[in-house]
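Here is the naming used below: chain letters follow the sequence lines, and residue numbers restart at 1 for every chain. Quantities reported herein were computed from a predicted structural model and do not represent experimental measurements.
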Amino acid sequence: MFNFANPFELRRRGVMGMNQRNFAYISRYNDRSMFPNVDNKLKTKTLALEYGIAVPDLLGVVRMQHDVEEVFQILEQHEGFCIKPAKGSGGKGILVILHSDENGYKKASGDYVSRDEIVRHISNILAGLFSLAGAADVAVIEALIEFDPVFNGLSHEGVPDIRMIVFKGYPVMSMLRLATHASDGKANLHQGAVGVGLDISTGVARSAVQYDRPVSKHPDTGMDLKAIQIDGWERLLHLSAACFEMSGLGYLGADIVLDKNRGPLVLELNARPGLAIQMANGMGILPRLRAIEGLTHRRTQSVEQRVEFSIKHFKQTD
Amino acid sequence: MSARGPFLFLIFTLIAVGLTSIYYRHVESGVPLTTGEQITLWQIEAEISFTGKNDAVSAQLTLPQDPEFELVEEFTASPAYGVHVLREAADSKVVWSKRQVSGPQTLYYQGLFKENRDQERVDEPIQRPEFEPWLEPYQATAQALLNDAYAKSGNRELLVMQLESVLQSDDQSVAMLLSRYSRTEVFLQLLEMAAVPSKRVGGLVLEDGRRHQTLVPLVQVYINQQWELFDLQSEGLDPDLPVIIWLQDSPALLDVVGGENSSISFSISQVTRSALQAANAELANGDLFNFGLYNLPIAEQNLFKGILLLPIGALVVVFLRVIVGVKCSGTFMPILIATSFIQTELLNGVLGFLLVVSTGLVIRSYLSHLNLLLVSRISAVVIVVIGIIVLFTIIAFRLGLTDALTITFFPMIIMAWTIERMSILWEEEGGQEVLVQGGGSLLVAVIAYLMMDNALIRHWAFNFLGVHALIMAAILLMGQYTGYRLSELRRFKPMTDD
């Protein structure tokens, strides 16, 4: 019952709390006028194309209720797809269809949904059910990620992604998020996904948590989480660091997926990334944020310079 | 962060304004800090009687001038007379007038006074009294008495006491003076000869339940920077009883023009009242600087009694979310639910809430199969909520459960939104999250209700508007709190365990 951490000990370890995140980082480094760049996935996609950042293909957009039926024409041409609300948050309202057959449309979880349910889902998106302030929205239809076989046996019933915290353009902390049966194929930690802390300089797994408690094996597949190493790590660092210029946000979470054919793709950006990444890494994020706040470069640093700085200074030693 | 200075200034200003306003309301206007505080008031009734001479009449009653007593309320009763209360710096009076008066008449003045002991009778200007010598041999005798007393005393205080005791003794020269003058007159004359500031006043002894009282002639002497009362004539003035000084030397107590055989008598009774009532009766006499809501019509007052509780609820919500870290859905939903708990009482409220929301969730799950657009679905849920409330109310009434009728106080739109959000939460994140967030909201609502329903807090919220400036300051400060939430100390516990 009284299993509380000592706040001074947490402070000493540089663990950031929700209030501090909201007040000292998000409200200070994230200009409100830039929020639509990440809160609207359609806008994010347009920006990403402008800045040459790799994202999943856009298959179509449904803007009006009477266009809902057109979605099936788009869908006929593609095996699997993903329907998202442009202004959704926290993974809400995302419908992933692996393929369609005589039983209907097969979800990532293995369940089937009917044509009617897809129509209803899109209607809900258009009405703003999943958008932040309940505002009217559009449905974005995206190509499905064919996720890299390196994750086989690691993620259960869902696409694993890599969350990178990028502060003022410098990658500072990252974790791999693995779906579990408990998380219903979703990669959100509060829904029961496993978070694996990755060394920011090498992409090597360090520690892992589920429901904010340390774990060492994937609860569904039993795979050793410490054995994970992400190949081509520097490409991921470059991709996420470039999201700073594209979004204009100082404190940002970039969700990156590894596609079998296209390599790392930015799935979405988040202006209010959560705090669980600290638990996955077993360390507080504040010392790194302060190190970057302490930098006094006159000239804007390039993506390469920033990545180099992060690799050099944020290497975990033990 | 960059605007730290102005922010701190704002906080400081809010706190200063809040505390000053509370101080002013409490100390200056006497609004009590607690609800149940009772104070003792003196109800003094002056009964004036005279016989009319079939002529125009004007009767003037001088009103008390005593800084130790504060007028709370006054009434006059007088059949068909025109009444005016004249308030001037020097003296206040009531004037009754009537064109044609005949036969015996009775007029009443009733005043309710509050004792104000910390107001001393001090600040009056001390005038050197004009001294007129008496005829001989009285003047010489008085001078001898004074010289004797002067020789036997060290200072002004002792001199006055010496004179007082000499006058009460059966000294021969005193007896000689008393054959012509009253004791009070002799005392005053001696004090004037000794250049001690003094004056003759008329006082009324306040004792509960006394009737047909008259003013007692008293002498006020300025000793040790304050006026002290001396009674030389009645001898038997109980020092424990308070005395209100009604009359200062000059004007007559009662002046009836056009009537004869006029007389006045006083009845005194002690009444207790809630201090709040007394303070507000006083404020009704118009004090612009005093921000109270009691001058508004009753209906508006009651409206504000409700509205002014919302900041309390907001404070609770901010505290529980920012400092404790309770998960709840929406910011204002818990406050509004708490507001309806005030109408329904807690148990009925919680049961009603659970009943409406759970029934609503069942019906909403059917609605979700109908493929409705959001707006029409929300509207449908509103109608369903109304239907549920109507149904439960009718059932409860048939069963004789009148308590359950208060379910109608729930805000329909809020309930509909709650059901809609919970339902989406259920579909998206599962039943457990619904329990966490719904339970969190209900917990916050219950705590907010317990705060808002507290008699003392209600009293403060309505009577001390400065409290709201303090709440504002607290909410702004909590908005800047960057420390850990209580829930995070549990959440991050594993991080300190290695």
Side-chain angles (χ1 to χ4, degrees), chain A residues 1-13 15-25 27-28 65 90-94 116-117 119-121 123-130 134 136-137 182-184 186 188 190-192 207 209 211-214 275-276 278-279 281-284, chain B residues 1-4 7 318-319 321-327 330-331 364 367-379 381 417 420-421 423-433 436-437 476-498:
Chain A
M1 179 72 189
F2 296 103
N3 195 21
F4 292 113
N6 177 354
F8 299 102
E9 176 64 15
L10 284 179
R11 186 66 80 203
R12 198 183 64 75
R13 291 175 183 240
V15 177
M16 180 159 75
M18 194 64 86
N19 293 326
Q20 193 171 18
R21 183 202 72 169
N22 293 341
F23 181 72
Y25 288 93
S27 70
R28 200 180 336 164
Q65 185 61 35
K92 284 199 175 84
I94 298 178
D116 276 353
E117 279 173 287
V119 170
R120 186 171 77 239
H121 189 77
S123 301
N124 282 344
I125 290 175
L126 297 182
L129 187 55
F130 308 106
D137 203 352
S183 74
D184 190 27
K186 298 193 178 84
N188 284 326
H190 74 272
Q191 290 168 325
S207 54
V209 288
Y211 290 121
D212 292 339
R213 293 285 173 271
L275 304 171
Q278 301 179 104
M279 313 210 59
N281 278 275
M283 63 190 295
Chain B
M1 272 302 253
S2 55
R4 199 88 197 142
F7 176 74
V318 172
F319 178 79
R321 288 187 66 148
V322 174
I323 310 289
V324 180
V326 176
K327 264 193 182 181
T331 306
R364 164 65 176 72
L367 284 178
S368 75
H369 288 295
L370 294 181
N371 267 347
L372 296 172
L373 294 178
L374 178 74
V375 181
S376 39
R377 192 176 54 229
I378 287 282
S379 310
V381 173
W417 260 116
E420 180 65 22
R421 292 179 74 133
S423 165
I424 293 168
L425 207 60
W426 198 303
E427 287 175 6
E428 290 277 320
E429 319 235 342
Q432 200 194 342
E433 195 62 22
V436 168
Q437 289 202 17
L476 290 180
L477 277 175
M478 279 195 271
Q480 301 245 318
Y481 173 72
T482 59
Y484 300 106
R485 296 173 181 178
L486 211 55
S487 60
E488 286 175 339
L489 294 183
R490 287 195 74 166
R491 181 185 177 192
F492 291 140
K493 177 69 176 159
M495 297 198 64
T496 57
D497 280 348
D498 53 11

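- Interatomic distance, OG1 of B:T496 versus CZ of A:R12, reported as 10.0 Å (0.5 Å rounding).
- Each of B:E488, B:Q432, B:R491, B:E433 has some count of heavy-atom pairs under 4.5 Å with chain A, and the biggest count is that of B:R491.
- Annotation: side chain of B:R377 is in contact with side chain of B:E420 (closest heavy-atom distance under 4.5 Å).
- For the options A:E9, A:R21, A:M279, A:M283, heavy-atom pairs under 4.5 Å to chain B are most numerous at A:M279.
- Heavy atoms from other residues, nucleotides or ligands lying under 6.0 Å from CZ of B:R421 number 12 at most.
- At a threshold of 4.5 Å between non-hydrogen side-chain atoms, the residues A:Q278 and A:L275 count as touching.
- Only the side chain of A:P214 comes within less than 4.5 Å of a heavy atom in chain B; its backbone stays farther off.
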